[in-house]
Amino acid sequence: MTANPNALEHDGQDSNLHDTLKYSLLGPSLTKSGQDSVDQKKVSDIIYDASKGSKFFAHEENRDKLLTVKIERILEKKARLEKLNLTRDQKKADEYVAELELSRDLTQTVVHVDCDAFYAAVEELDRPELKLVPFAVGKGVLTTCNYHARKFGCRSGMAGFVAKKLCPQLIQLPLNFEKYTAKAREVREIISQYDPRFESASIDEAYLNITAYCESNSIRPEEAVEQLRKEVHEKTKVTISAGIAANTKLAKICSNINKPNGQYRLQNDRGAIMTFMDTLPTRKVNGVGRVFERELDAVGVKTCGDIYQYRQYLSKLFGEKAFKFLIQCYLGLGRTDTQPAEEYERKSIGTESTFADLSGHNGLCDKLEKTAQELEKDMVKAQFKGKTLVLKVKLHTYEVLTRQVIPPKAVYLAGDLYKYSLPMLSKLEQEFKGLTLRLMGLRCTHLVTMKKPDPLAFFGYPKVRNSPASSGPASESNESKGEPVETGGSSSSGVWPSEDFEEAAKDEYQEELEELEILSQLEELESQQFNEGKLDSETKPESGGLVKEAAREASSASASVEKGKGQLKRGRHDSGKSRSGLKDDPKQTRLSFN
DNA sequence: ATTGGAAGGACCC
DNA sequence: TGCCAGGGTCCTTCCCGA
């Protein structure tokens, strides 16, 4: 492994730095999806050369150095731990292993399906001639590319100009989301017939529990999935790959094995699963990214099987969450239940955009206004207001900063979004003189719905959900102050005119009235139509609670609807993950049918 | 000690 | 030539005030 020969190297350290940096520049999607048969060394050098000297490169280099330092500290800590008596930690780990082992559930059959090069596949349907040439979807950055392009080393997440260096004849198409979502809907239509409670993990991925389907149709999982894939292919013309296993974590890994247009089954057998995990590189597991992979590698954990022999260190080295997550990886455990879209609760809504370096107060304000207008559109579409507002900026150096406020009222209108985010921007301009940005974004969190509950839908469909904390401490403290709570320490924040506060108070009063109104409607309905008394009419003063109860009632979901972080529910082997987005099962970029 | 907000990051697609 | 997205979720750390 020699580093770039053009680079000056004084010692091995430098060469290591280059190696790790190069690896990092390869992008996040490397070992995830099959890029075998590609000369990675050559690709790596081309990417390195193409990137060299750019601000992006400098930033990556910096991050790489920081990570290297972090890893050094981890290793020092490990060295200290090795001199200690860790029998307690070992015992703790062993107990956890035993506990998990007891709850291992091999009765379920879970499938992960994944459309092959989805966006590219959809584009090929419109333009079949594209099948013959390497092409990608996405202009500045490739979101995906067809398998022809992958042979050149092109990957999703790669900069367009870099991809062109790897493959000069590469064709780049613009994104057309409407087309993809329409096609995705077709696919889901079919999937739902195999499991109506399927979970869509992203626009082109889903988890199904086909236990019931196989049972009632007296069909083997392999056959059922063959049939599903065939049906999808015939009706939608896109091919999908699938993984079949005892839980979501394993199924996800398996769906990558025979991609594209293939499937793989890992038997519901403890021995088979342990063997499978034993040699599986950590990076293959959903939740282990480039950073965690490097950290684990440094302490000696390359495969999931390696986790066991280091079990006594993991908690102290990486934290409790990561420890649990890793042990579950070692054992090959994961969720067996799925969360259908109707039960999914959105946590935030945001928009951001990248542009040519921009500085100057007026220009930045303009951009902020545009951003606010974009966000309003999304908020209106989704019918939400946000109780907190987050401003995100990326400096021209690629450094990312966020600032947030809690406005005196929940917001969604562009005017408000702008008004309450402007002070944050202004403060940043003071903090960083000559502030130059390449990206700006706004995001609303702590959402409260504006949807009026439809009393009829109420009993059958838990569509309407209010924020669980509709009258949380945040808004109370605001009320008492009448001005936004500013983030961290020194607040140069101007005081908003008192009329704002009055207006906000009025709004809230109005909302309360509406909620009460809704509540009484519901109670009425309840007594009229719900003689069985399933719903506790001992109601909380917010419809959100009620509706959520109904949601639980309506489906026997294991209600991960719960808010709050770190909820460790025994009996469910999820919530593992750790300090770096190690959520067991990312629910990102879901398609919401609002 | 705990809690909760804010900021920063890792990760996923 | 012009040099790396945008939509999310969750976890950790820091800090503050009861």
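Lettering follows sequence order; numbering is per chain, from 1.
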Nearest heavy atom decides the nucleotide; on that basis, is Leu66(A) or Lys252(A) closer to the 5' end of DNA chain B?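 Looking at DNA chain B, the more 5' nearest nucleotide goes with Leu66(A).
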
5'-most by nearest nucleotide on DNA chain B - Asp204(A) or Arg63(A):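 Nearer the 5' end of the strand: Arg63(A).
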
[X] has a side chain; which of [options] sits nearest to it?
| X | options | result |
| --- | --- | --- |
| Tyr344(A) | dG8(C), dC12(B), dC11(B) | dG8(C) |
| Arg283(A) | dT9(C), dC13(B), dC12(B) | dC12(B) |
| Arg403(A) | dC12(B), dC11(B), dG8(B) | dG8(B) |
| Lys321(A) | dT12(C), dC10(C), dC13(B) | dT12(C) |
| Arg346(A) | dC13(B), dG7(C), dG8(C) | dG8(C) |
| Val291(A) | dT9(C), dC13(B), dA10(B) | dA10(B) |

Atom [atom1] of [X] and atom [atom2] of [N]: how far apart are they, to the nearest Å?
| X | N | atom1 | atom2 | value |
| --- | --- | --- | --- | --- |
| Met379(A) | dG8(C) | CE | C1' | 14 Å |
| Arg155(A) | dC12(B) | CZ | P | 15 Å |
| Phe318(A) | dT13(C) | CZ | P | 13 Å |
| Arg290(A) | dG9(B) | CZ | P | 15 Å |
| Leu67(A) | dT12(C) | CG | C1' | 16 Å |
| Arg294(A) | dC11(B) | CZ | P | 11 Å |
| Asp378(A) | dG7(C) | CG | C1' | 10 Å |
| Lys316(A) | dT12(C) | NZ | P | 16 Å |

Can you tell me, in whole Å, how much space there is between the [atom1] of [N] and that of [M]?
| N | M | atom1 | answer |
| --- | --- | --- | --- |
| dC3(C) | dC12(B) | C1' | 25 Å |
| dC13(B) | dC4(C) | P | 23 Å |
| dA5(C) | dC11(B) | C1' | 15 Å |
| dT3(B) | dC14(C) | C1' | 13 Å |

Relative to Tyr207(A), does Lys252(A) satisfy both conditions: NZ or CZ under 6.0 angstrom from the six-membered ring centre, and within 45 degrees of the ring's axis?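 Verdict for Tyr207(A): no cation-pi partner in Lys252(A).
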
Report the residues that fulfil ring-ring contact (aromatic ring centres under 6.0 Å, His included) with [X], sequence neighbours left out, ordered by chain and then residue number.
| X | value |
| --- | --- |
| Phe161(A) | none |
| Tyr330(A) | Tyr308(A) |
| Tyr180(A) | Tyr119(A) |
| Tyr412(A) | none |

On the nucleotide dC13(B), are OP1 or OP2 found under 4.0 Å from the side-chain N or O atoms that Thr144(A) carries?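 Checking Thr144(A) against dC13(B): no side-chain N or O falls below 4.0 Å of OP1 or OP2.
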
For dG8(C), does either OP1 or OP2 sit under 4.0 Å from a side-chain N or O belonging to Arg443(A)?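 For Arg443(A), the contact criterion (side-chain N or O under 4.0 Å from OP1 or OP2 of dG8(C)) is met.
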
Once you apply a heavy-atom cut-off of 4.0 Å, does [X] come out as touching a base, just sugar-phosphate, or nothing?
| X | result |
| --- | --- |
| Thr143(A) | base |
| Leu142(A) | nothing |
| Lys392(A) | nothing |
| Glu205(A) | sugar-phosphate |

Pairs satisfying salt bridge (charged side-chain N to carboxylate O under 4.0 Å, His left out), at least one member in residues 163-178 of chain A, at least two apart: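 Found none.
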
Test side-chain contact (heavy atoms from CB on, under 4.5 Å) on Leu81(A) and Leu317(A) and set out the steps. CA-CA 9 Å; Leu81(A) 290 176; Leu317(A) 249 26; 3.7 Å; yes

Salt bridge (charged side-chain N to carboxylate O under 4.0 Å, His left out) partners of Lys377(A), counting only residues at least two apart: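 Applying salt bridge (charged side-chain N to carboxylate O under 4.0 Å, His left out) to Lys377(A) gives Glu374(A).
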
Which residues pass the salt bridge (charged side-chain N to carboxylate O under 4.0 Å, His left out) test with Lys302(A), not counting sequence neighbours?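 Checked Lys302(A) against salt bridge (charged side-chain N to carboxylate O under 4.0 Å, His left out); matches are Asp297(A).
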
Under 3.5 Å, which N/O atoms of the protein pair with N/O atoms of nucleotides 2-4 of chain C?
residue: dC3(C); atom: O2; partner: Ser54(A); partner atom: OG; Å: 3.2
residue: dC4(C); atom: OP1; partner: Arg438(A); partner atom: NH2; Å: 2.9
residue: dC4(C); atom: OP2; partner: Tyr398(A); partner atom: OH; Å: 2.4
residue: dC4(C); atom: N4; partner: Ser51(A); partner atom: OG; Å: 2.6

Scan Asp116(A), Asp114(A), Asn256(A) and name whichever one has a side-chain hydrogen bond (donor to acceptor under 3.5 Å, both in side chains) with Ser241(A).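 The passing option is Asp116(A).
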
Protein and nucleotides 14-18 of chain C: nitrogen or oxygen contacts under 3.5 angstrom:
none

Checking side-chain polar atoms at under 3.5 Å, does His112(A) have a donor or acceptor matched by the opposite partner on Glu205(A)?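 The answer is yes; a qualifying pair exists.
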
